[in-house]
2 protein chains.
Amino acid sequence: MSKGKVTRQRMIDTAQALIQRQGYAATGLQQILTESGTPRGSFYFHFPGGKEDLARAVIHNHGTQFAELIDELAALHGSALRTTQALIDRLTVQMETSNCTAGCPVTHIAMEQAGKSNAVQAAAREVYEAWRARFVKMLRAEGHEPELASTQARTVLSAIEGALLLSRAYGSAAPLEDLHGNLPTLLAVPKSTPSRKKVRGEPEVKPREQLGLWGLGLQA
Amino acid sequence: MSKGKVTRQRMIDTAQALIQRQGYAATGLQQILTESGTPRGSFYFHFPGGKEDLARAVIHNHGTQFAELIDELAALHGSALRTTQALIDRLTVQMETSNCTAGCPVTHIAMEQAGKSNAVQAAAREVYEAWRARFVKMLRAEGHEPELASTQARTVLSAIEGALLLSRAYGSAAPLEDLHGNLPTLLAVPKSTPSRKKVRGEPEVKPREQLGLWGLGLQA
DNA sequence: GCCTCGGTATGATGACCGGTCTAGAAGGCG
DNA sequence: CGCCTTCTAGACCGGTCATCATACCGAGGC
């Protein structure tokens, strides 16, 4: 890795940790530069598009890390239920050791930038889809119908992100613990498939070709 | 209502709508004042503690509105499942008509202020607990064990908040739709109670006496 | 030695931020 | 009318923000 790559990665890592803990807008460039020991000129050299470029890099960086964590746990535990519970355990430990500040940096950025930056939004969406694809893969391997696996996976992802948010607001990991306990029912195969008709056309977000980078072609 | 109360409420309503759409930090005082037609001197008269006082007022305002909506839907639909699905339908419509920007103002504030303002965090926690209490009440009326109802309610709340977040990031209400479809299983009574042992002491957040304001004493 | 390129370094800038302060207006009451 | 209370009004402030421009440095190649 070249010297520049090291500097660039250090900025990304620093920014990610700060955003995870305190949110995007509250993480100013000066703090990132100070804590990563990087001069301002280097920042704009590596991120010519400014803070938005950094945000996208953080989304990509954490997206990869989290996807790898899911893969790792899946290889260890096999079933979707066990894997997801192990994942939530990891997040719970992280939440508690961070004094209930460590949320999901992707979600923090996405929430604060929604409607403001199409590029950031697209990056976050891509990451969420890559994560969801992993849940779908596990559920499908267990015989869940494609449609069911697809909606369950995204519901699990919603629940995890929501629980992280609530844990931060509560100052307690209880929401994550509650989710852990309710996973068996959430991931159960219902007696009948969800009966709700699609009331409106669902502009399902199509994965772009670049999704290959994350692996796992996904059927929406 | 006195003239001042009218002005104050207008500021709260304006702030709430802006925060709902664009987040807390991105909603500056100047914009609130301009859009509500209020002079700066009036702002600090009504909110002597500044922006933080306004944030708490918004949390309280929206907390009440949403609790009333849940009550209304519960009176109409009766069951926890039907009520929650109707609630999600409402949120889905709102999400779509707002071009996928209308999230939950309480969550936006809580997320951006976590670790920064104890007062704001406490206000958000209180609102979440008041909302959760309503789900618990319905589930208990349907025979769910107290412990199960408690965790399910908070998981539902996590899932809803998470789905709102993801819908904003995706630019699509699909996460809300997916959650709607998965609610029957999520709210089902499992064959056996969640088997997870409490690994760590749970510093369960106790509702304060003031919770009476929201009604529904809650057993944690 | 010179040139090029990747990378570093620093100061300046305009916009925006939340907060403070002082003056004044409006309404009610005696 | 005067007094008091509630409320409005707007100018000003210091600080922070992300960005930009310019200069410089070091290494490698010719």
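Atom CG of A:Leu29 and atom P of C:dT13 are 19 Å apart (whole Å). Atoms OH (A:Tyr24) and P (D:dC17) sit 13 Å apart, rounded to a whole Å. As a whole-Å value, the separation of B:Phe45 CZ from C:dC21 C1' is 15 Å. Rounded to a whole Å, the CG atom of A:Asp53 is 13 Å from the C1' atom of D:dA18. Straight-line distance from the CD1 atom of A:Ile19 to the P atom of D:dA18: 11 Å, rounded to whole Å. A:Tyr44 places its OH atom 16 Å from the P atom of D:dT22, with the value rounded to the nearest Å. What separates CD of B:Gln30 from P of D:dC12 is a distance of 15 Å, to the nearest Å. Rounded to an integer number of Å, the gap from NZ of B:Lys116 to P of C:dG18 is 13 Å.
Between A:Glu52 and A:Gln113, the side chains place no donor N or O within less than 3.5 Å of an acceptor N or O (distance only, hydrogens not considered). Between the side chains of A:Asp178 and B:Gln152, no donor-acceptor pair of N or O atoms lies under 3.5 Å. Counted by atom type alone, B:Gln16 and B:Gln20 present zero donor-acceptor pairs between their side chains at under 3.5 Å.
Residue B:Thr7 places at least one side-chain N or O closer than 4.0 Å to OP1 or OP2 of D:dT8. Taking 4.0 angstrom as the limit, B:His46 places a side-chain polar atom (N or O) nearer than this to OP1 or OP2 of D:dT8.
Between A:Asp13 and A:Arg10 there is no salt bridge, since no side-chain nitrogen of the basic residue lies less than 4.0 Å from a carboxylate oxygen of the acidic one.
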Got a list of protein N/O to nucleotides 24-28 of chain C N/O distances below 3.5 Å?
none

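Residue B:Gly41 is in base contact, counting any heavy-atom pair closer than 4.0 Å across all strands shown. Across all strands shown, A:Gly28 has heavy atoms under 4.0 Å from sugar-phosphate atoms exclusively, and none from any base.
Aromatic ring orientation, A:Tyr170 versus B:Tyr128: parallel (interplanar angle below 30°, classes split at 30° and 60°).
Residues B:Leu18 and B:Tyr24 fail the side-chain proximity criterion, which asks for heavy atoms closer than 4.5 Å.
Taking the side chain of A:Pro39 as heavy atoms from C-beta on, and the options C:dT10, D:dG10, D:dC7, the nearest nucleotide is C:dT10.
A donor and an acceptor atom never sit less than 3.5 Å apart when one is taken from the side chain of A:Arg40 and the other from the base of C:dT8.
When the shell of 6.0 Å around CZ of B:Arg40 is examined, it contains more than 12 heavy atoms from other residues, nucleotides or ligands.
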